[in-house]
Amino acid sequence: MSLNAERSYKMKLRDVENAFKYRRIPYPKRSVELIALLAISCTFFLFMHTNKLNSRLKEMEVKLQPSEFSALGLTGNHISGHDAGKHDDINTLHGTYQYLKSTGQLKHLSASRLNNTKNAEIEVLFFNRAAKVGSESMLELFIALENYNEDLILERRGLHTRSVRQMNKKQRRESAQFVADLEEGTMYIEHINWIDFDEFDLPQPIYINLVRDPVERVISWFFYARSSYKNAIEYRKRPNQKIKPESWYKKNFNDCVRSGDPECQYVPHTVKDTIANFKRQSLFYCGHHDDCLPFNSPTAVQMAKEHVERDYAVVGSWEDTNVTLTVLENYIPRFFRGAKLMYEMHNSKITNRNKNKRKPFIEPEVKDMIRKNFTNEYEFYYFCKQRLYKQYLALNLKELEVHGLLN
């Protein structure tokens with residue numbers, strides 16, 4: 001073989017080797033798209049699963065966080081109110097039961113430990129009624145109980161006392177002294193913030209109160225302030241007071257919120273209000289300290305929680321009528337013996353007190369708008385509800401479980 005022929009042969013051989021070495025095997029176009037789609041789908045599902053696990057982890061961290069003021073560790077961290085009707089929500093009776101059961105706290109429930117009535121130093125019932133929680137219905141129950149139990153007395157002076165948002169020391173002393181001097185077996189009701197009887201070396205009465213959904217409270221107040229009943233009372237007290245214009249009485253709550261009207265804004269941490277609206281439910285439990293005044297304040301709420309846990313025998317709610325009456329009958333028997341019977345016998349009179357004659361439709365979006373400004377107020381509200389459920393469960397746990405009412 002000549003030199004040129006050999007060189008030509010080697011070049012052809014090298015070309016063949018290169019063709020095999022750098023060959024590209026074609027893939028069908030649809031196969032490539034399928035692989036890309038699978039990769040994207042896997043990435044998406046992994047992201048969703050990780051996000052769900054992260055959310056559940058945060059939820060458990062919240063639920064398992066011990067409360068500073070609750071010996072059994074329940075917290076009031078649910079603030080939206082949207083899930084309050086769900087069967088397993090911690091802010092329902094069933095949800096509280098499931099939570100206590102899952103954390104091993106259920107077996108430690110004790111009605112004796114949850115009852116502050118034994119800490120009272122005088123047999124006087126002090127209902128420092130919060131505004132728009134159904135206190136007039138409780139008043140009707142008091143009247144029925146006074147007639148039913150001969151050893152009870154209803155002191156009515158507080159019904160005619162003008163409420164003061166913050167009392168000075170002299171005013172607090174006078175109010176505390178009046179309560180301390182009441183005859184044993186007396187039920188006293190007044191719109192007044194919590195008072196520290198120890199501050200004046202006076203005997204502690206039996207504190208009770210009621211709570212209500214914070215947003216429903218302020219909506220109720222908005223229409224109550226415009227009611228003929230309320231204005232008739234105001235006119236009787238101050239006949240020379242200037243009457244508000246017709247437009248004020250016809251104001252629409254939905255428009256009031258959406259338009260930015262100062263009356264319906266409920267701005268967190270405000271101290272002074274353009275128009276009185278009793279939006280601070282926790283104020284009635286916090287007291288008269290300056291730290292109690294800022295609206296939706298975490299400091300005020302923590303102080304209110306401490307006072308409830310330490311001083312209040314029962315904080316009930318008409319949203320849970322049977323639970324509230326059961327707890328009152330068992331934890332404060334001297335004053336609430338026969339409370340359920342009286343409630344049934346005088347039901348129309350008691351429940352009519354809770355009915356607002358004028359109930360226009362409030363848009364859910366409007367409620368959501370203002371609910372965002374009540375986060376700490378909701379925490380306090382749920383704290384009180386969970387405490388009430390614990391007191392009820394401590395009384396009826398075996399019976400409820402036997403009848404399968406908590407499953």
K.L.:
Please check if any side-chain donor atom of D290 sits under 3.5 Å from a side-chain acceptor atom of Q166, or the reverse.
P.N.:
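Q166 and D290 do have a side-chain donor-acceptor pair below 3.5 Å.
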K.L.:
For the residue pair Y331 / N116, report whether a side-chain donor-acceptor contact shorter than 3.5 Å exists.
P.N.:
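There is no such pair between these side chains.
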K.L.:
Name the residue from R217, Q281, R387 that meets the side chain to side chain contact (heavy atoms under 4.5 Å, CB included) definition with V211.
P.N.:
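Single pass found, and it is Q281.
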K.L.:
Does D89 reach the main-chain N or O of G95 with its side chain, forming a donor-acceptor pair under 3.5 Å?
P.N.:
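Checking the backbone N and O of G95 against the side chain of D89, no donor-acceptor pair under 3.5 Å is found.
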K.L.:
May I have the step-by-step check of salt bridge (charged side-chain N to carboxylate O under 4.0 Å, His left out) for R173 and E199, ending in yes or no?
P.N.:
CA-CA 9 Å; R173 183 190 297 275; E199 181 184 7; over 6 Å; no
K.L.:
Does N168 offer a backbone N or O that forms a donor-acceptor pair with the side chain of Q171 under 3.5 Å?
P.N.:
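Side chain of Q171 to backbone of N168, a donor-acceptor pair under 3.5 Å: yes, one is there.
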K.L.:
Using the side-chain hydrogen bond (donor to acceptor under 3.5 Å, both in side chains) rule, take Y378 and D213 through it: C-alpha gap first, then chi angles, then the decisive distance, then the call.
P.N.:
CA-CA 7 Å; Y378 267 104; D213 181 285; 2.8 Å; yes
K.L.:
Can R371 and D368 be counted as an ion pair, charged N to O under 4.0 angstrom?
P.N.:
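A salt bridge links R371 with D368.
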K.L.:
Which word best sums up how the rings of F278 and W221 line up, parallel for under 30°, tilted for 30 to 60°, or perpendicular for over 60°?
P.N.:
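The rings of F278 and W221 stand perpendicular, inter-plane angle above 60°.
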K.L.:
Before giving the answer on ring-ring contact (aromatic ring centres under 6.0 Å, His included), spell out for F127 and Y188 the whole-Å C-alpha distance, their side-chain angles and the decisive distance to 0.1 Å.
P.N.:
CA-CA 6 Å; F127 177 28; Y188 183 62; over 10 Å; no
K.L.:
With a 4.5 Å cut-off on side-chain heavy atoms, are L109 and K390 touching?
P.N.:
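Yes. Closest side-chain heavy atoms under 4.5 Å.
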K.L.:
Compute whether any side-chain donor of one residue and acceptor of the other, for N128 and W194, lie under 3.5 angstrom apart.
P.N.:
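Result is no, nothing qualifies.
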K.L.:
With no hydrogens and no angle check, is any side-chain donor or acceptor of T186 less than 3.5 Å from a backbone partner on E183?
P.N.:
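It does hold such a pair.
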K.L.:
Kindly indicate, with the supporting measurements, whether the criterion salt bridge (charged side-chain N to carboxylate O under 4.0 Å, His left out) is fulfilled by K305 and E309.
P.N.:
CA-CA 6 Å; K305 283 183 181 181; E309 194 83 337; over 6 Å; no
K.L.:
Please check: side-chain N/O of S137 versus main-chain N/O of I350, any donor-acceptor pairing under 3.5 Å?
P.N.:
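Checking the backbone N and O of I350 against the side chain of S137, a donor-acceptor pair under 3.5 Å is found.
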K.L.:
Keeping T161 on the side-chain end and R157 on the backbone end, is there a donor-acceptor pair under 3.5 Å?
P.N.:
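Here the side-chain-to-backbone pair exists.
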K.L.:
Less than 4.5 Å apart, any side-chain heavy atom of N296 and any of N373?
P.N.:
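Not touching, per the 4.5 Å side-chain cut-off.
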K.L.:
Does the side chain of Q265 pick up a donor-acceptor pair with the side chain of D261 at under 3.5 Å?
P.N.:
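The criterion, which ignores hydrogens and geometry beyond distance, is not satisfied for D261 and Q265.
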K.L.:
Just wondering, are more than 12 heavy atoms of other shown residues or ligands nearer than 6.0 Å to NZ in K118?
P.N.:
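Counting other residues, nucleotides and ligands, NZ of K118 exceeds 12 neighbours.
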K.L.:
Rounded to the nearest 0.5 Å, what's the gap from CD on E123 to CG on L152? Could you check?
P.N.:
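Answer rounded to 0.5 Å: 10.5 Å.
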K.L.:
If the plane angle is over 60° it's perpendicular, under 30° parallel, otherwise tilted; pick one for H94 and Y97.
P.N.:
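Judged by the thresholds at 30° and 60°, the geometry between H94 and Y97 is tilted.
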K.L.:
Do P298 and H269 make a side-chain contact, defined as non-hydrogen atoms from C-beta onward lying under 4.5 Å apart?
P.N.:
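Answer yes - side chains close enough.
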K.L.:
How many angstroms lie between atom CD1 of I206 and atom CG of L125, to the nearest 0.5 angstrom?
P.N.:
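It is 6.0 Å, given to the nearest 0.5 Å.
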K.L.:
Using side-chain heavy atoms (C-beta onward) and a distance below 4.5 Å, is I275 in contact with F222?
P.N.:
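No, too far: nothing below the 4.5 Å cut-off.
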K.L.:
What I want to find out is whether D273 reaches K279 closely enough, with some N-O distance under 4.0 Å, to be called a salt bridge.
P.N.:
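So D273 pairs with K279 through a salt bridge.
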K.L.:
Do F295 and Y266 pass the ring-ring contact (aromatic ring centres under 6.0 Å, His included) test, and can you show the C-alpha distance, the side-chain angles, and the key distance before you say yes or no?
P.N.:
CA-CA 8 Å; F295 167 61; Y266 316 109; 7.1 Å; no
K.L.:
Would you check if Q204 and N119 make a side-chain contact, meaning some heavy-atom pair closer than 4.5 Å?
P.N.:
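Not touching, per the 4.5 Å side-chain cut-off.
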K.L.:
Please confirm whether the backbone N or O of A111 pairs with a side-chain atom of N115, one donor and one acceptor, at under 3.5 Å?
P.N.:
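Not a single qualifying donor-acceptor pair exists.
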K.L.:
With the side chain counted from C-beta on, respond yes when L210 and S317 share a heavy-atom pair under 4.5 Å apart, and no when they do not.
P.N.:
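SC-SC contact between L210 and S317 ruled out.
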K.L.:
Any chance you could measure Y392, atom OH, to L325, atom CG, to the nearest 0.5 Å?
P.N.:
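Here the interatomic distance stands at 11.0 Å.
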K.L.:
Taking K340 first and then E344, would you say they form a salt bridge - that is, a charged N and a carboxylate O separated by under 4.0 Å?
P.N.:
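Not counted as a salt bridge, because no side-chain N and carboxylate O are separated by less than 4.0 Å.
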K.L.:
Is the distance between the ring centroids of F335 and F142 less than 6.0 Å?
P.N.:
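For F335 and F142, the ring centres are not under 6.0 Å apart.
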K.L.:
Would you confirm whether S220, through its side chain, and K132, through its main-chain N or O, come within 3.5 Å as a donor-acceptor pair?
P.N.:
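Side chain of S220 to backbone of K132, a donor-acceptor pair under 3.5 Å: no, none is there.
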K.L.:
Less than 4.5 Å apart, any side-chain heavy atom of I189 and any of M138?
P.N.:
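No, too far: nothing below the 4.5 Å cut-off.
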K.L.:
Indicate whether the side chain of S297 and that of D291 have a donor and an acceptor atom separated by less than 3.5 Å.
P.N.:
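Side-chain D/A pair, S297 to D291: absent.
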K.L.:
We want to know whether Y389 and D320 form a side-chain donor-acceptor pair, criterion being a heavy-atom distance below 3.5 angstrom.
P.N.:
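The answer is yes; a qualifying pair exists.
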K.L.:
Taking only residues two or more places apart in sequence or in another chain, which ones pass ring-ring contact (aromatic ring centres under 6.0 Å, His included) with H191?
P.N.:
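None.
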K.L.:
Cationic tip of R226 within the cone over W248's six-membered ring, i.e. under 6.0 Å and within 45° of the normal?
P.N.:
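Yes, R226 lies over the aromatic ring of W248.
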K.L.:
Output yes when R280 and E377 qualify as a salt bridge under the 4.0 Å nitrogen-oxygen rule, no when they do not.
P.N.:
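Salt bridge between R280 and E377, a charged N being under 4.0 Å from a carboxylate O: no.
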K.L.:
Is there a donor-acceptor contact under 3.5 Å linking the side chains of Q386 and N91?
P.N.:
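Side chains of Q386 and N91: pair found under 3.5 Å.
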K.L.:
Please walk me through it: do R212 and E319 pass salt bridge (charged side-chain N to carboxylate O under 4.0 Å, His left out)?
P.N.:
CA-CA 7 Å; R212 184 180 180 183; E319 297 161 349; 5.2 Å; no
K.L.:
Which of parallel (below 30°), tilted (30 to 60°) and perpendicular (above 60°) describes F197 and Y207?
P.N.:
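Because their plane-to-plane angle is over 60°, the rings of F197 and Y207 count as perpendicular.
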K.L.:
Any chance you could lay out the side chain to side chain contact (heavy atoms under 4.5 Å, CB included) test for L182 and V124, step after step, and finish with the verdict?
P.N.:
CA-CA 7 Å; L182 290 171; V124 171; 4.0 Å; yes
K.L.:
Salt bridge or not between K367 and E216? Use side-chain N to carboxylate O under 4.0 Å.
P.N.:
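Yes.
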K.L.:
Looking at Y249, is K244 sitting on its ring face, NZ or CZ under 6.0 Å from the six-membered ring centre and within 45 degrees of the normal?
P.N.:
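Not satisfied by the 6.0 Å and 45° rule.
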K.L.:
Hey, what do you get for NZ (K169) to CE (M167), rounding to the nearest 0.5 Å?
P.N.:
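Rounded to the nearest 0.5 Å, the NZ-CE separation comes to 15.0 Å.
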K.L.:
Compute whether any side-chain donor of one residue and acceptor of the other, for R129 and N209, lie under 3.5 angstrom apart.
P.N.:
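Side-chain D/A pair, R129 to N209: absent.
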K.L.:
Should Y285 and V315 count as side-chain neighbours, where that means a heavy-atom distance under 4.5 Å?
P.N.:
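Heavy-atom side-chain distance check passes, below 4.5 Å.
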K.L.:
Would you mind checking if R156 and E146 are paired as a salt bridge, meaning a charged N to carboxylate O distance below 4.0 Å?
P.N.:
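So E146 pairs with R156 through a salt bridge.
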K.L.:
Dump the intermediate steps for side chain to side chain contact (heavy atoms under 4.5 Å, CB included) on D151 and R334, then the final yes or no.
P.N.:
CA-CA 9 Å; D151 60 339; R334 173 168 184 178; 4.0 Å; yes
